[in-house]
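Only heavy atoms go into these numbers, but all of them, side chains included; no hydrogens, no water, no symmetry mates. Just so you know, ligand 1 is whichever comes first in the structure, and atom 1 is the first atom listed for that ligand.
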Amino acid sequence: MKKKSNNFNLILIFCIVFCSFSFANNLNTSFLDSIDSLKKYYISLFNIGAAINKDIILGLDMESKHIVESQFNSITPENSLKWMFIQPSPNSFNFKDADKYVNIGLKNNMHIVGHVLVWHSQLPDFMQKIESKSEMNNHFESHINTVVSRYKGKIDAWDVVNEAFNDDGSLRESIFYNLLGNNYIEKAFKLAHDADPKAYLIYNDYNLYKTKKRGGVIRMVKGMKSKGIKIDGVGVQAHWSLNHPSLDEIEQIILDISKLGVDVLFTELDISVLPNPWELVGAEVNQNFSKFEGDPKMNPYKEKLPKSIQNKLAKRYKDIFKLFIKHSDKISRVTFWGVMDKHSWLNDWPIKGRINYPLLFDRKYQAKKAHKALIELGSINND
Ligand code: 9MR
């Protein structure tokens with residue numbers, strides 16, 4: 001008798017767990033099906049993508065996953081391929097999440113981006129403690145070779161090096177620069193190319209509207225091209241705001257980079273609507289604005305975004321996309337840095353705990369006016 005009731009309890013527990021699991025996986029995402037798709041209008045011009053976070057990759061945010069699969073033809077992992085997650089300790093690789101990420105792209109026949117091989121940020125502790133050139137060199141070579149080889153023929157494009165320049169056009173004194181010298185960038189591209197000769201290789205950075213910084217990147221691309229080192233594109237991060245940079249400045253980036261004979265990619269597009277401390281622009285993650293935390297002036301739209309700002313955001317996106325369409329022969333991809341507002345990194349940067357609205361989908365997964373504006377623009381262009 002006792003045994004029977006134990007079995008009954010087990011069956012009950014199983015049913016509860018199974019039912020809640022099925023419920024979580026069968027969330028009603030049908031409301032998303034009625035939203036017109038960006039890729040329908042833009043795929044003929046350039047790849048159109050989104051960065052996806054761990055929750056999307058693991059299937060814990062099915063609404064966002066549904067949006068990604070229906071709206072975009074390209075994905076970038078927001079964090080899951082970064083060094084600290086892929087190789088947390090020396091020569092011990094963890095590809096669990098990255099494999100799942102790649103499988104989403106393969107299943108949906110998407111253009112899959114690898115982000116990022118070499119970046120001074122989000123490095124594991126052991127990398128930050130390396131002091132000798134030869135040790136750094138060994139890890140540098142083995143990391144690039146192992147990661148690129150694993151996804152050979154699957155990951156289409158790599159952000160090979162990220163944020164290697166200062167705003168004045170000089171090279172950032174990162175751990176890679178300090179230990180390997182200034183040709184570490186070329187070396188990274190050569191290693192990536194050797195590991196997957198067909199992969200599309202990108203140099204990625206922010207603040208490229210600043211002429212001095214852009215100048216540094218241009219000199220680097222010219223140098224690499226003159227030596228026959230493969231580089232296919234320059235990624236412009238595009239963490240912008242409602243007024244900065246100007247459309248003229250954005251157009252100048254497109255013109256200057258495309259002149260080098262490489263593609264222009266807008267790899268991390270989002271538009272902050274919040275006040276900018278010290279008129280800060282770009283994405284230097286090391287700046288500290290903690291003194292503004294909790295300051296209501298810096299977080300003015302806590303409840304909701306006023307209609308006037310919603311309209312400004314839509315117009316800003318539309319103006320930017322008009323420029324992208326005008327120069328679509330020079331642009332190979334436009335990727336939004338995230339899917340919906342609630343999960344954007346801009347809620348916590350440069351000031352923690354704010355409510356920002358930088359993307360095309362709101363906190364309830366509804367398409368915002370900015371999305372409608374881009375659909376409208378795309379459909380006129382497709383007529
Ligand atoms: O969006 C990413 C955020 O979740 C991480 O906490 C952050 C860590 O620095 O990195 C963010 O993504 C960055 C990207 O990898 C490189 N360009 C700047 C992006 C925003 O910081």
With heavy atoms of [X] as the reference, note each atom of ligand 1 found under 4.0 Å away.
{"X": "Trp345", "answer": "1 (O), 20 (C), 21 (O)"}
{"X": "Glu163", "answer": "16 (C), 17 (N), 18 (C)"}
{"X": "Trp337", "answer": "1 (O), 2 (C), 12 (O), 14 (C), 15 (O), 19 (C)"}
{"X": "Glu78", "answer": "1 (O), 2 (C), 3 (C), 4 (O)"}
{"X": "Glu268", "answer": "14 (C), 16 (C), 17 (N), 18 (C), 19 (C)"}

> Ile86 and Tyr101: same hydrophobic cluster, using ILVMFWY side-chain contacts below 4.5 Å?
Replying inline: yes
> Hey, does Asn162 come in under 3.5 Å of ligand 1, counting only N/O atoms on both sides?
Replying inline: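 Such a contact does not occur with ligand 1.
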> Are the aromatic rings of Trp337 and His115 close, with centres under 6.0 Å apart?
Replying inline: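 Aromatic pair counts; centres sit under 6.0 Å.
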>> Before we go on, tell me: are the rings of Tyr184 and Tyr177 under 6.0 Å apart, centre to centre?
In response: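 Ring centroids of Tyr184 and Tyr177 are no less than 6.0 Å from each other.
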> Once you round to the nearest 0.5 Å, how far does NE2 of His139 lie from CD1 of Ile144?
Replying inline: 13.0 Å
>> Quick check on Tyr206 - does any of its heavy atoms sit under 4.0 Å from an atom of ligand 1?
In response: no
> Applying a strict 4.0 Å limit to heavy atoms, is Trp349 in contact with ligand 1?
Replying inline: no
>> Out of Thr76, Asp205, Asn79, who is nearest to atom 5 (C) of ligand 1 when you count heavy atoms only?
In response: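 Residue with the shortest heavy-atom distance to the ligand atom: Asn79.
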> What part of Asn53 sits under 4.0 Å from ligand 1 if we count only heavy atoms: the side chain, the backbone, both or neither?
Replying inline: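 Neither part.
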>> Please determine whether side-chain contact (heavy atoms from CB on, under 4.5 Å) holds for the pair Leu123 and Phe176, giving the CA-CA distance in whole Å, both sets of side-chain angles, and the decisive distance to 0.1 Å.
In response: CA-CA 11 Å; Leu123 285 172; Phe176 302 110; 3.9 Å; yes
> With sequence neighbours excluded, what pairs up with Asp36 under the salt bridge (charged side-chain N to carboxylate O under 4.0 Å, His left out) test?
Replying inline: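 Asp36 satisfies salt bridge (charged side-chain N to carboxylate O under 4.0 Å, His left out) with Lys40 only.
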>> Let's go through Lys212 and Asp167 carefully: what are the C-alpha distance in whole Å and the side-chain angles of both, what is the deciding distance for side-chain contact (heavy atoms from CB on, under 4.5 Å) to 0.1 Å, and is it a yes or a no?
In response: CA-CA 7 Å; Lys212 282 192 177 156; Asp167 277 4; over 6 Å; no
